[in-house]
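Report on one structure; see the data block that follows.
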Amino acid sequence: MKEKDLQSEAVIAATSKKVKKIAVLTSGGDAPGMNAAVRAVTRCGLDAGMQVFGVYRGYEGLIEGEFLQMDRRSVSDIMQRGGTILKTARSDRFETEEGQERASSMLHTFGIDALIVIGGDGTMRGAADLSNFGVPVICLPGTIDNDLGYTDFTIGFDTAVNTVLEAIGKIRDTSSSHERTTVIEVMGRRCGDIAVYAGLSGGAETVCVPEMPVDVNRICNKIITDGHNGRTHSVIIVAEGAPIRTQDLVEEIRRKTGKEVRQVVLSYLQRGGSPTSSDRLLGTLCGAKAVEILADPDFDMKSYAVGQRCGKITSTPLKEALEMERDFKEELVGLINVLSK
Ligand code: F6P
């Protein structure tokens, strides 16, 4: 086939699609791997003959009309960077109907046929509200928390767990030398997955998570018995949303065991850093899937959540995805307790 024919075929294919102009934004807490998702959306979108726009500062930037047309070079050299090149925000204005109306009218003004949003639970609920104004939204799970029911893993979780793991190793060295107990607070207001996965792979003695009650007496008795059995230091991981405040737990352990206890709050360290290969892959595959959905000539102009289940990249109707309960793996906490006996 001649080059000219090939070009006109590509033009026909592009113009016969329903979705010709897409926009992408990142919202809520940033997560390593978001850049890989933005890159995949941009390059796959351009490859499918779409025009691609980046929206700065999440829903806040959407309300303000902060759009930038993307080309292949706009996303060069970003895979290895943590954070998000599109910036992010938590928008109070977008929580109001007026804010959502303004955001949807911005999409109309710029002629955007569909929006792709990368963020966590709050971002997705915002997307569902926006889709009530007739804009199809495809959501990608971008959060370190791993707190979404419809996907096995979220983009950024693996990097955060690895950051905590590195910290546990270093803290264990000094805890062991000084024969101390150290309580490490990790992120996760509603979800203990960072604590559990890092605790299990880092050999923590105990983890405290929002999903389970905390038995302070059991923790203290274990420290005392461990001491009698020759284990003179321990590392306890507490998720920030656990039913006991980290500071209170530290004081209780001091009081009940008479041992030296230190506290480390890892905080925003967990949100930064170069993404692991798993997060880059998940971001890339979810971004590519979002464009695949939109490029389908039979796309139903409805909203979807893209994720990963049992190793496969999936798409679930957005409202259904938001209703899916998270499956907290309590047995992993049990395993941590067995392994640390
Ligand atoms: O949702 C991601 C997260 O890092 C949570 O783990 C944490 O509780 C929260 O964001 C912190 O939010 P902010 O960035 O607004 O302080």
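All ligand and atom numbering here is 1-based and tracks the order in the structure.
Under a 4.0 angstrom heavy-atom cut-off, Gly120 registers as lying outside contact with ligand 1.
Counting protein heavy atoms only, atom 15 (O) of ligand 1 is closest to Arg90 NE, 2.8 Å. Protein heavy atom nearest atom 6 (O) of ligand 1, with residue, atom name and distance: Asp145 OD1, 2.7 Å. Protein heavy atom closest to atom 16 (O) of ligand 1, with residue, atom name and distance, is Tyr268 OH, 2.3 Å. In terms of protein heavy atoms, atom 9 (C) of ligand 1 is closest to Arg189 NH2, 3.5 Å. The protein atom (non-hydrogen) at minimum distance from atom 11 (C) of ligand 1 is Arg271 NH1, 3.6 Å.
Near Glu240, meaning under 4.0 Å from one of its heavy atoms, ligand 1 places the atoms 5 (C), 6 (O), 7 (C), 8 (O). In summary, the atoms of ligand 1 found under 4.0 Å from a heavy atom of Gly188, numbered by their order in the structure, are 6 (O).
Remark: of the listed residues Ile219, Ile253, Val264, Ile171, Ile253 is the sole one forming a side chain to side chain contact (heavy atoms under 4.5 Å, CB included) with Val183.
Residues Phe110 and Gly65 share a closest heavy-atom pair of CZ-O, 3.8 Å.
Two rings, from Tyr197 and Phe157, have their centers less than 6.0 Å apart.
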### Task
Tell me, with the steps shown, if Thr159 and Asp279 meet side chain to side chain donor-acceptor pair (under 3.5 Å).
CA-CA 7 Å; Thr159 308; Asp279 280 332; 2.5 Å; yes

### Query
Stepwise, does the side chain to side chain donor-acceptor pair (under 3.5 Å) test hold for Thr143 with Thr154?
CA-CA 6 Å; Thr143 167; Thr154 57; 5.2 Å; no

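Judged by distance alone, with hydrogens and angles left aside, the side-chain atoms of Arg72 form no donor-acceptor pair with the main-chain N or O of Thr42 at under 3.5 Å.
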